Amino acid sequence: MTGKRYYDLNGDLTERHFRDEILGTLTNPLTGATLSWYERNRIDHILGTPGDPGTGTEALTNRLRIAGTDGTVLIDAGRTVQNAADDSVLFEAGQHPFFEYFEHGDSSALQPICEALS
């Protein structure tokens with residue numbers, strides 16, 4: 001992960017920008033089936049109050065692809081903007097099956113992964 005921080009003339013933090021790239025493998029030890037994982041993320045945090053990281057907005061732009069030998073199994077890509085104070089979603093665009101699973105409990109969102117690893 002790489003990051004940049006910006007400060008105002010008083011030395012207070014005003015912005016944080018992070019970039020990361022994740023490569024990995026998902027494996028079912030019972031079947032030996034594997035899937036490759038590739039993800040790129042960009043997080044931009046604009047502080048509402050200089051020096052207070054609990055204020056402002058955090059924007060996540062992501063591209064995640066999970067693939068097997070037969071091609072793409074799942075895509076999670078788009079942009080989400082959240083309130084830094086309470087993590088409430090202010091804006092969302094794209095397809096986010098991981099968000100659907102972890103935030104809304106929709107187990108069908110990750111079903112393609114389960115099927116590909118079975």
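No hydrogens, no waters, no symmetry mates; every other heavy atom, side chains included, goes into these values. In this chain, residues are counted from 1 in sequence order. Bear in mind that the values here come from a model prediction, so they are computed numbers and not experimental data.
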* To do: Start with the C-alpha distance between Leu90 and Thr57, add both sets of side-chain angles, then the distance that settles side-chain contact (heavy atoms from CB on, under 4.5 Å), and finish with yes or no.
  => CA-CA 9 Å; Leu90 304 173; Thr57 59; 3.8 Å; yes

Using modelled atom types and a 3.5 Å cut-off, is there a donor and acceptor pairing between side-chain atoms of [X] and backbone atoms of [Y]?
{"X": "His45", "Y": "Thr55", "answer": "yes"}
{"X": "Thr72", "Y": "Leu74", "answer": "no"}
{"X": "Asp86", "Y": "Ser88", "answer": "yes"}
{"X": "Asp8", "Y": "Leu13", "answer": "no"}

* Tell me, with the steps shown, if Asn62 and Asn41 meet side chain to side chain donor-acceptor pair (under 3.5 Å). => CA-CA 4 Å; Asn62 76 305; Asn41 298 310; 4.6 Å; no

From [X] atom [atom1] to [Y] atom [atom2], the distance as rounded to the nearest 0.5 Å:
{"X": "Asp20", "Y": "Thr2", "atom1": "CG", "atom2": "OG1", "answer": "8.0 Å"}
{"X": "Asp76", "Y": "His96", "atom1": "CG", "atom2": "NE2", "answer": "6.0 Å"}
{"X": "Ile46", "Y": "Arg16", "atom1": "CD1", "atom2": "CZ", "answer": "10.5 Å"}
{"X": "Phe99", "Y": "His104", "atom1": "CZ", "atom2": "NE2", "answer": "4.0 Å"}

Testing the basics here: between [X] and [Y], what is the closest heavy-atom pair and its distance to 0.1 Å?
{"X": "Val81", "Y": "Ala59", "result": "CG2-CB, 4.0 Å"}
{"X": "Thr14", "Y": "Pro50", "result": "CG2-CB, 4.1 Å"}
{"X": "Ser118", "Y": "Thr31", "result": "C-CG2, 3.8 Å"}
{"X": "Ala116", "Y": "Ala33", "result": "O-CB, 3.9 Å"}
{"X": "Ala109", "Y": "Tyr101", "result": "CB-N, 4.2 Å"}
{"X": "Gln82", "Y": "Val89", "result": "NE2-CG2, 4.1 Å"}

* **Matching residue for Thr34 among Thr27, Thr69, Asn28, Leu117 - test: side chain to side chain contact (heavy atoms under 4.5 Å, CB included)** => Thr27

* With Ile22, which of Met1, Glu39, Arg40 fulfils side chain to side chain contact (heavy atoms under 4.5 Å, CB included)? -> Glu39

* To do: Determine whether more than 12 heavy atoms belonging to other residues, nucleotides or ligands lie under 6.0 Å from atom CZ of Phe98.
  =>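 Correct, the count exceeds 12.
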
* **CG (Asp70) with more than 12 external heavy atoms under 6.0 Å** =>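 No, because the 6.0 Å sphere around CG of Asp70 holds 12 heavy atoms or fewer from other groups.
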
* To do: Test side chain to side chain donor-acceptor pair (under 3.5 Å) on Glu21 and Tyr38 and set out the steps.
  => CA-CA 8 Å; Glu21 185 172 9; Tyr38 175 73; 3.1 Å; yes

* To do: Answer whether the closest heavy-atom distance between the side chains of Ile113 and Ile66 falls below 4.5 Å.
  =>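 When only atoms from C-beta onward are counted, Ile66 and Ile113 do touch, with a gap below 4.5 Å.
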
* side-chain contact (heavy atoms from CB on, under 4.5 Å) between Leu26 and Trp37: does it pass, once the steps are laid out? -> CA-CA 7 Å; Leu26 301 174; Trp37 178 298; 3.8 Å; yes

* **CA sep, side-chain torsions, deciding dist, call: Arg79, Thr61, side chain to side chain donor-acceptor pair (under 3.5 Å)** => CA-CA 4 Å; Arg79 183 171 172 83; Thr61 304; 2.9 Å; yes

* To do: Test salt bridge (charged side-chain N to carboxylate O under 4.0 Å, His left out) on Arg19 and Asp44 and set out the steps.
  => CA-CA 9 Å; Arg19 310 291 180 268; Asp44 297 319; 3.3 Å; yes

* Asked: Looking at residues at least two apart in the chain, or sitting in another chain, which of them share a ring pair (Phe, Tyr, Trp, His ring centres under 6.0 Å) with Tyr6?
  -> His17

* To do: Treating Ile, Leu, Val, Met, Phe, Trp and Tyr as nodes and any side-chain heavy-atom pair under 4.5 angstrom as an edge, say whether Leu60 and Leu64 lie in one connected cluster.
  => no

